[in-house]
Amino acid sequence: AGTLDDVKARDKLQCGVNTGLVGFASPDANGEWQGFDVAVCRAIAAAVLGDSSKVEFISTTGKTRFTALASGEIDVLARNTTWTFSRDVDLKFEFTGVNYYDGQGFMVPKDLGVSSAKELDGATVCIQTGTTTELNLADFFRANNISYEPVPIETDSEAQQQYLAGACDTYTTDASGLAATRATFDDPGAHVVLPEIVSKEPLGPLVRHGDAEWGDIVRWTLNALIAAEELGVTSANVAELSSGTGNPEINRLLGTEGTLGEMLGLDAEWAKRAIMVSGNYGEIFAKNIGVDTPVGLARGLNAQWTEGGLLYAPPFR
Amino acid sequence: MSTLTDPPKDNFRLSMLFNDTRYRSLTFQAIAAILVALSIFYLGSNLLTNLEEAGLNISFAFFQNPAGYDINQRLVEYSSQSSHGRAALVGALNTLLVAFLACITATIFGVVAGVLRLSKNWLISKLMAVYVEIFRNIPVLIWIIIIFTIMTAVMPAPRAFRGDDATASMLLDMFAFTNRGVYIPMPYFEHGLFASAQGNWLLVIAGLIGSFFGARAINRWAAAKQEATGERPKTLLPLLAVWFVPLIVLMFVLGLAWELPALKGFNFKGGIKVGGPLIALWFALSIYTGAFIAENVRAGIQAVSKGQTEAAAALGLRPSRVMNLVVLPQALRVIIPPLISHYLNITKNSSLAIVVGYADITATLGGITLNQTGRAIECVLLLMAFYLTVSLVTSLVMNFYNASVKLKER
Amino acid sequence: MSELAIEREIDRSKMQVSDEVAIQISGMNKWYGSFHVLRDINLTVNRGERIVIAGPSGSGKSTLIRCLNALEEHQQGQIIVDGTELTSDLKNIDKIRSEVGMCFQHFNLFPHLTILENCTLAPIWVRKVPKKEAEERAMHFLEKVKIPDQAHKYPGMLSGGQQQRVAIARSLCMMPRIMLFDEPTSALDPEMIKEVLDTMIELAEEGMTMLCVTHEMGFARQVANRVIFMADGQIVEQNEPEEFFNNPQSERTQQFLSQILGH
Amino acid sequence: MSELAIEREIDRSKMQVSDEVAIQISGMNKWYGSFHVLRDINLTVNRGERIVIAGPSGSGKSTLIRCLNALEEHQQGQIIVDGTELTSDLKNIDKIRSEVGMCFQHFNLFPHLTILENCTLAPIWVRKVPKKEAEERAMHFLEKVKIPDQAHKYPGMLSGGQQQRVAIARSLCMMPRIMLFDEPTSALDPEMIKEVLDTMIELAEEGMTMLCVTHEMGFARQVANRVIFMADGQIVEQNEPEEFFNNPQSERTQQFLSQILGH
Amino acid sequence: MSEQNSVAFVATESIPPSPPPANQTGVVKWLRENLFSNWQSSLLTLVSLYLIYVILSTFLPWVLNGVWTTSSLTECREVLEGRFGACFSVLTERWNQLLFGFNYPSDQYWRPTLAFVFMLIAIAPVLFFDLPRKMLAFTVAYPFVAFWLIWGGTIMAPIVAFLGCAAAAFVFGAYGKNNFALGFIGAIVAAFAVWIIGTMLIPDGANEGAWLEHVPSRDLGGFMLNMMLGVTCVSLSIPLGIALALGRQSNMPLIKGMCVIFIEFVRGVPLITLLFVASVMLSYFFPPDANVDLFVRVVIMMTLFSAAYVAEVIRGGLAALPKGQYEAADSLGLDYPQAMRLIILPQALKISIPGIVNVAVGLFKDTTLVSVISLFDLVGMIRGPILGGSAEWNGVYWELWGFAALLFFVVCYGISQYSQWLERRLATDHH
Ligand SMILES: Nc1ncnc2c1ncn2[C@@H]1O[C@H](COP(=O)(O)OP(=O)(O)OP(=O)(O)O)[C@@H](O)[C@H]1O
Ligand SMILES: Nc1ncnc2c1ncn2[C@@H]1O[C@H](COP(=O)(O)OP(=O)(O)OP(=O)(O)O)[C@@H](O)[C@H]1O
Ligand SMILES: [Mg+2]
Ligand SMILES: [Mg+2]
């Protein structure tokens with residue numbers, strides 16, 4: 001059976017997330033999962049099942065995530081997973097879009113006096129393993145013909161400890177992760193993230209190959225969140241807008257016009273529910289990782305195309 | 001057997017499959033075989049359908065592809081352009097390296113603690129008991145993490161060596177203990193006889209081998225002398241001479257010099273580096289397993305009855321001789337079999353290297369390679385095959401040993 | 001226990017006791033913790049004497065024997081063995097141990113060494129005897145105890161009686177002038193007891209000074225020239241065997257003998 | 001070994017031998033690997049016979065006894081016990097085992113069960129006797145071997161002789177028609193041997209068919225009606241006890257008897 | 001016969017025991033004998049005293065200055081005002097998470113706690129033979145009670161499970177006495193029949209609004225998860241271990257061979273690779289729609305793992321039994337299953353208990369490895385959400401790891417003391 005039917009039958013979405021990365025996916029003191037990736041899962045659950053709490057979060061490590069998805073243990077993987085050719089083609093997964101344009105960066109203590117990653121010749125580098133980080137790192141240093149000593153570490157907490165104790169000169173992972181980590185430091189101001197971004201890391205939710213119906217639902221839920229920001233639909237006004245507006249695109253998005261929901265195999269209000277959960281893309285971003293949060297990420301590449309960013313939702317028609 | 005010459009008189013009946021001792025075991029084995037075959041078939045067909053559904057296949061071709069990642073601790077040439085297979089090899093060697101080192105130190109810890117635990121000194125024996133109990137009763141994973149954390153937190157970072165107000169300094173200007181590892185001087189030859197460093201080292205090794213045979217000859221001579229005259233000649237000086245004179249001459253001829261580690265850039269450069277993860281894992285495994293070995297050693301020595309020591313003492317043997325000639329040879333028979341299984345445990349526990357970032361085979365083949373290629377089944381199978389080979393080889397050796405030292409009884 | 005008939009003629013003529021003092025114990029006391037095991041022991045043993053020590057279990061017989069060999073320390077009094085005083089001085093202890101052989105109840109052979117190696121170990125390492133000579137000597141004593149053909153077996157392959165005889169041979173290889181026996185036959189089956197006693201009688205006939213803790217009354221009667229009875233850490237009575245058995249003086253002795261012979 | 005005097009009057013009148021065949025062994029051969037332990041054994045035992053099997057160690061006595069009970073397989077020849085042929089058919093084996101009781105040298109009581117449980121176990125599980133009845137029967141046989149008061153103790157608390165008697169009672173609880181004994185007294189002290197032999201004599205007096213490997217010649221003389229001498233896996237000689245002891249025919253037998261009695 | 005000196009001597013009075021000389025008693029003697037008997041010993045004593053001093057002088061102030069009541073590390077540091085002290089407040093604040101994981105509903109903590117208390121009661125008669133055998137009834141019921149308490153949901157599930165087992169026991173009791181194979185197969189069939197019918201009877205949404213709220217197994221965590229894995233896997237592995245040990249002892253080459261291969265295989269690989277199998281491989285071996293959750297997969301692998309070790313222990317116990325016990329059972333006409341069940345296993349298992357307890361301690365310690373495959377046991381909680389995922393408690397390594405170590409030490413040391421007690425007791429037992 002298709003994944004959609006499974007999810008409906010189960011009445012629960014199983015969503016693979018990180019084991020704990022502040023801002024993206026981590027349980028809070030009450031054990032509630034919070035974060036940017038988590039919000040995407042909740043939106044999908046709301047769209048499909050009508051209830052954003054009908055999600056089961058399954059924490060995965062870099063090692064277990066692909067098996068979990070391939071074997072059907074999870075329906076969608078919303079964990080900072082880079083969209084690469086081989087994952088898409090060879091591992092038979094389907095990336096449904098990009099929810100965060102990331103790139104691998106370096107964090108160093110300010111007093112190290114380094115201002116560019118190219119000055120890191122001979123440095124000891126702590127790497128959080130489990131994504132494409134090791135490969136990018138190797139490529140970057142080789143391309144610049146400088147040497148380094150990698151220290152691959154499994155979890156963020158151990159990597160932090162190494163980095164803070166000075167056992168590594170620099171800590172590298174996706175820039176978003178760096179920011180999230182820095183946010184938890186005692187004195188975040190004493191550390192800087194270097195300007196070089198050594199890789200393209202388009203992160204996005206992915207599903208199994210071959211279930212196009214389910215892939216569409218995930219893809220268009222994400223697009224709905226993005227489009228909602230572009231169209232000015234927010235969690236505050238979505239109820240009001242869903243009674244009908246002059247903008248046909250909004251109407252189609254919120255289901256007051258056309259039969260987009262039906263085409264997806266859902267009802268008409270799917271997108272409305274998704275947006276209601278925690279708002280549009282911009283709201284989710286601001287709430288979890290935006291400049292006002294401890295993580296403190298600027299929108300940068302993740303701004304709407306209209307604002308000079310890369311976010312560009314295909315038209316809803 | 002003669003059953004063949006004396007065929008069953010009654011004809012075969014179906015009930016005999018269960019009632020006749022001759023067929024019964026065949027029946028049961030057939031049933032068991034069928035059940036096992038069925039479950040293997042079931043699991044296998046599940047695997048195949050699952051793989052097919054996911055569009056995957058089982059293939060080890062990825063082994064030749066470039067790995068693309070770097071490894072900081074390696075015993076053979078390796079770069080990020082080497083293949084996944086080579087990365088696995090580097091990991092395998094690293095596993096063997098840390099296991100080998102830890103086996104040695106764990107034995108030392110264990111023997112010292114085990115012997116001290118039997119000491120007449122109350123405080124020492126109690127301290128050793130505390131050591132044994134504390135380490136045995138807390139998971140090795142927690143120990144590895146704690147020791148790694150202590151190491152990074154307590155040892156100075158290379159940064160601390162820098163500048164005028166350096167808070168740390170090198171020992172004798174030769175050794176640097178940092179939280180990234182320990183740097184020690186590296187010997188090299190200034191006017192070697194061979195162009196390549198390897199050639200010169202081979203020469204040194206050849207010298208050492210020569211010394212070894214020389215020392216053996218001296219010992220043999222001493223033993224022969226003892227057999228003939230009863231007195232064992234003093235061999236300390238000749239032994240020292242035969243070990244050190246050729247070595248010193250060789251060093252002089254080759255022009256031995258030391259490359260000292262020095263702080264350059266971010267790190268110490270030069271000398272030999274023993275990485276922090278290696279040290280932490282090595283130390284954690286040895287001190288944890290040492291606690292178990294201590295118990296074995298104690299049990300082994302205690303297994304030699306008091307009567308043996310008394311009999312030897314009554315014959316006039318001195319305590320050190322009693323230990324060497326009577327107690328140890330007997331205790332070793334008790335100690336060695338569990339010791340070997342502790343060595344295997346060290347090898348297996350070294351797979352926890354991933355929590356300290358040491359690149360053993362679980363971290364390379366079962367970690368980064370698995371991550372990058374997503375070939376879970378292949379990687380895990382190979383990983384298990386590696387450990388299985390190591391332990392089977394060890395137990396094979398073990399069985400030979402056991403058979404050879406078994407006490408002769410009637 | 002059983003009064004074993006010793007069948008062969010025993011030649012007491014050779015068992016001469018000389019005037020020379022072999023062991024002199026005076027005013028010796030020993031405590032285990034606060035438990036007073038040996039109380040004011042005074043005993044002189046001349047060269048050539050064969051002394052049997054008897055007494056109820058726990059009376060301190062083994063302890064006494066073991067003190068003579070410095071396997072246990074005594075805390076008060078003097079023990080002089082062969083002219084050497086037993087003090088905590090290691091030299092003296094070594095000297096005394098090489099003069100005094102000892103046989104234990106449970107033989108305590110070294111199971112990882114062959115019979116021959118058991119016998120040559122101490123001569124080679126303590127007496128510094130060349131190996132070949134040590135082996136010849138060992139074979140000589142193994143012949144004496146009638147098991148030269150077992151020389152290359154391991155102790156585990158021998159019967160109890162054979163093992164005890166090896167233990168005796170092993171002590172003899174150190175050429176001791178005094179032999180101590182602590183219940184050498186009590187762990188053995190009846191047939192084997194005979195083999196071991198025979199060996200001991202032969203030793204006695206050769207004039208060896210012997211102290212023997214045993215309950216073999218046949219042996220005591222026919223071989224010993226003195227029987228010492230201990231109780232509660234004291235020497236309660238000593239006498240010639242005939243007198244001792246036929247005419248015990250103290251009440252404790254009478255009671256003990258009635259128990260042991262009345263069986 | 002010792003010729004133990006059996007003190008009580010033995011009533012041989014009840015020990016009638018009937019004509020009925022209890023055990024019939026013909027042309028039986030057995031090998032351990034390539035070692036030929038039992039060679040062409042032919043033996044007929046009538047109901048009520050008391051047969052003692054003697055012979056030097058390793059001659060195959062135990063093996064013969066154990067073949068009768070299918071504890072060992074034989075490879076050639078025929079064994080018919082009580083009309084049932086011993087084949088590899090489990091049914092036959094079960095049948096024969098429930099007709100034949102066996103006592104071992106080392107008793108082999110079950111140490112985790114009380115004496116009573118030891119005795120009721122097999123009747124309950126093999127014969128499907130109700131527990132109550134089984135217990136009554138067990139008490140009856142325990143009385144017969146004179147230890148009903150120990151019924152609730154564990155084997156470890158009993159002396160060797162008592163344990164052996166329990167073992168006999170345990171076999172009897174299965175109401176066997178034939179009893180096999182494999183050196184039932186050789187692990188016991190002399191006093192205890194008597195207790196056990198007494199029990200066996202009583203059994204004989206009741207007409208039980210018995211095959212007994214033993215070196216108790218007193219028992220053989222007075223109770224057995226046939227003595228079988230085995231050597232090297234063969235039956236070398238068989239005869240009535242008086243004839244056998246006083247007038248052994250073969251050289252092997254003479255030699256054996258001289259050893260065993262001359263001691 | 002010429003004895004020169006008259007040897008006759010009779011003690012006239014008995015010498016009363018006197019106290020040992022003064023230098024042989026008292027504290028001084030104890031010190032001299034046990035601490036300063038020679039210079040090496042004295043040196044060792046002094047070195048160890050110094051070592052103890054150093055450790056205590058750093059450790060004690062740290063503990064005594066400890067702060068227990070703040071809500072974050074920064075706050076704690078403020079309270080400490082630069083003094084050297086521990087921030088134990090992480091323990092008080094995250095206490096429940098450390099014990100139960102972060103997902104277990106906080107108003108339901110009483111359930112695992114109660115299950116834990118029940119466990120102590122249920123396990124007591126197994127560990128202490130002197131307790132009344134009637135308590136075993138509770139032990140039998142415990143798995144079902146505990147299952148229901150911890151997972152909650154409809155009470156029908158444990159009841160059906162229990163009924164299935166009861167049916168199996170009944171069928172086996174009725175037929176197993178006559179024919180083991182028949183009884184055994186019958187029992188399995190009966191159990192499955194009850195389970196299948198029972199499962200069909202349970203309505204679909206039964207877990208909703210059940211008396212005890214249903215908690216999915218991925219919400220289990222913390223030390224509770226270690227306990228559960230340890231207890232479940234050890235208990236499941238004992239029957240399996242027995243079967244493997246019997247198989248390995250059997251004289252049927254095929255069965256023996258399969259058992260040997262299994263045992264040696266499992267003992268030859270590290271547990272962590274088996275956990276990798278559970279986390280990344282096993283789902284490929286189940287039917288496509290089975291969706292067995294990670295907890296169950298881990299339980300399967302760990303059970304197999306400890307079964308291999310238990311099997312070796314039991315094999316030792318079987319080998320320790322004299323051959324006469326087997327022969328006596330045979331000669332009484334008991335068949336193989338009867339002989340095993342009534343004679344051999346009761347004795348062999350008793351001998352094996354200390355060994356099994358050691359395996360249990362080892363396995364319990366090894367449950368921490370599940371943190372490597374992203375289960376949130378105690379170690380996983382500390383490494384993941386608390387140290388890595390929370391801004392408040394970033395960097396309180398010592399307190400957390402010290403706590404984890406202490407918790408494991410208390411449990412494991414307790415168990416190993418028990419096993420030593422048991423060994424002593426078995427050694428002196430006369431039955
Ligand atoms: N190492 C020891 N520590 C304390 N007490 C001991 C020790 N060895 C022996 N004893 C006690 O000293 C007493 C004398 O013991 P000893 O072995 O000399 O008796 P024995 O006369 O040889 O008895 P047996 O005939 O049983 O061998 C006994 O009460 C014994 O319990
Ligand atoms: N399981 C076995 N495998 C191989 N050989 C065996 C086995 N059991 C016994 N034997 C050999 O078979 C021969 C006969 O043994 P058996 O036990 O029947 O002798 P026995 O007459 O009972 O001797 P004993 O008086 O010592 O009990 C012996 O040589 C013995 O070594
Ligand atoms: Mg004694
Ligand atoms: Mg026999």
Side-chain angles (χ1 to χ4, degrees), chain B residues 18 25-26 28-30 32-33 36 42-44 46-47 49-51 53-54 56 116 119-124 127 133-134 136-143 145-146 149 153 344 347-352 354-355 362 366 370 376-377 379-381 383-392 395, chain E residues 30 33-37 41 44-45 48-49 51-52 181 247 250-255 258 264-265 267-274 276-277 280-281 283-288 290 361 364-369 371-372 379 382-383 397-398 401-402 404-406 408-413 415-416:
Chain B
F18 286 96
S25 76
L26 287 182
F28 284 139
Q29 296 186 63
V36 169
Y42 174 72
L43 295 178
N46 277 339
L47 177 67
T49 28
N50 280 332
L51 288 181
E53 222 167 70
L56 295 170
L116 286 185
S119 142
K120 289 211 183 73
N121 187 314
W122 180 86
L123 192 62
I124 287 291
L127 268 186
E133 291 304 343
I134 286 193
R136 276 202 318 175
N137 287 313
I138 295 175
V140 63
L141 179 64
I142 294 187
W143 278 123
I145 295 176
I146 288 184
T149 313
L344 282 180
T347 315
K348 289 188 265 168
N349 282 338
S350 72
S351 58
L352 296 179
I354 29 177
V355 298
T362 311
L370 193 162
I377 297 178
C379 288
V380 174
L381 282 182
L383 196 58
M384 293 202 292
F386 168 77
Y387 285 107
L388 209 56
T389 315
V390 172
S391 62
L392 286 185
S395 16
Chain E
W30 188 88
E33 252 181 24
N34 291 312
L35 296 181
F36 301 98
S37 53
S41 173
L44 279 178
T45 305
S48 3
L49 281 178
L51 210 80
I52 293 172
S250 119
N251 47 16
M252 301 183 221
L254 197 70
I255 289 181
M258 289 190 300
E264 292 307 321
F265 172 80
R267 281 157 36 94
V269 299
L271 176 57
I272 196 157
T273 57
L274 293 181
F276 284 171
V277 171
V280 304
M281 245 172 89
S283 16
Y284 288 117
F285 288 101
F286 288 130
V361 172
F364 178 59
K365 287 189 293 172
D366 281 346
T367 56
T368 51
L369 300 197
S371 66
V372 174
V379 172
I382 297 177
R383 289 177 76 196
Y397 310 107
W398 306 118
W401 290 122
L406 185 72
F408 274 99
F409 178 79
V410 169
V411 177
C412 296
Y413 184 72
I415 305 177
S416 70

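Note that the coordinates shown come from a computational prediction; the quantities given were computed from them, not determined experimentally.
Between N50(B) and F286(E) the shortest side-chain heavy-atom distance does not fall below 4.5 Å. Counting heavy atoms from C-beta outward, M281(E) and T273(E) have side chains that stay 4.5 Å or more apart. In this structure the side chain of R136(B) never reaches within 4.5 angstrom of the side chain of C412(E), judged on heavy atoms. With a 4.5 Å cut-off on side-chain heavy atoms, L254(E) and F28(B) do not count as touching. Between I138(B) and I146(B), every side-chain heavy-atom pair lies at or beyond the 4.5 Å cut-off.
Both the backbone and the side chain of L123(B) come within less than 4.5 Å of a heavy atom in chain E. Looking at L388(B), both its backbone and its side chain come within 4.5 Å of chain E, counting heavy atoms on both sides. Contact annotation for S371(E): only side-chain heavy atoms (C-beta onward) come within less than 4.5 Å of a heavy atom of chain B. For L49(E), the parts lying under 4.5 angstrom from a heavy atom of chain B are both the backbone and the side chain. Heavy atoms closer than 4.5 Å to chain E are found in the side chain of A153(B), but not in its backbone. Proximity to chain E is absent for every atom of V390(B), based on heavy atoms less than 4.5 angstrom apart. In this structure, chain E has no heavy atom under 4.5 Å from any part of L26(B). In this structure, chain B has heavy atoms under 4.5 Å from both the backbone and the side chain of I255(E). When heavy atoms are compared at a cutoff of 4.5 Å, V280(E) approaches chain B by way of both its backbone and its side chain. If you measure heavy-atom distances from S416(E) to chain B, the contacts under 4.5 Å come from the side chain alone.
Comparing Y397(E), F265(E), F364(E) by how many heavy-atom pairs each has under 4.5 Å with chain B, the most go to F265(E). Looking only at heavy-atom pairs under 4.5 Å with chain E, the residue among T362(B), I145(B), T49(B), L370(B) that has the most is I145(B). With chain E as the partner, the residue from N349(B), I377(B), V36(B) showing the most heavy-atom pairs under 4.5 Å is I377(B). Note: I124(B) leads L116(B), I124(B), V355(B), L383(B) in heavy-atom pairs under 4.5 Å with chain E. Contact count against chain E (heavy-atom pairs under 4.5 Å) is highest for S391(B) among S391(B), A30(B), A385(B). Chosen from L43(B), L344(B), L381(B), the residue pairing most often with chain E at heavy-atom distances under 4.5 Å is L43(B). Highest contact tally toward chain E, considering only L51(B), L392(B), L352(B), is held by L352(B) [criterion: heavy-atom pairs under 4.5 Å].
The closest donor-acceptor contact from the side chain of K365(E) to the backbone of L141(B) lies at 3.5 Å or more, if one exists at all.
With values rounded to the nearest 0.5 angstrom, L127(B) atom CG is found 9.0 Å from W122(B) atom CH2. Atom OH of Y387(B) sits about 8.5 Å away from atom CD1 of I272(E), to the nearest 0.5 Å. Distance check, rounded to the nearest 0.5 Å: CD of Q29(B) to CE of M258(E) gives 8.0 Å.
S25(B) and N251(E) share no donor-acceptor pair across their side chains, judged by distance under 3.5 Å alone.
Taking each heavy atom of I354(B) and S351(B) in turn, the nearest pair found is CG1-O, 3.8 Å.
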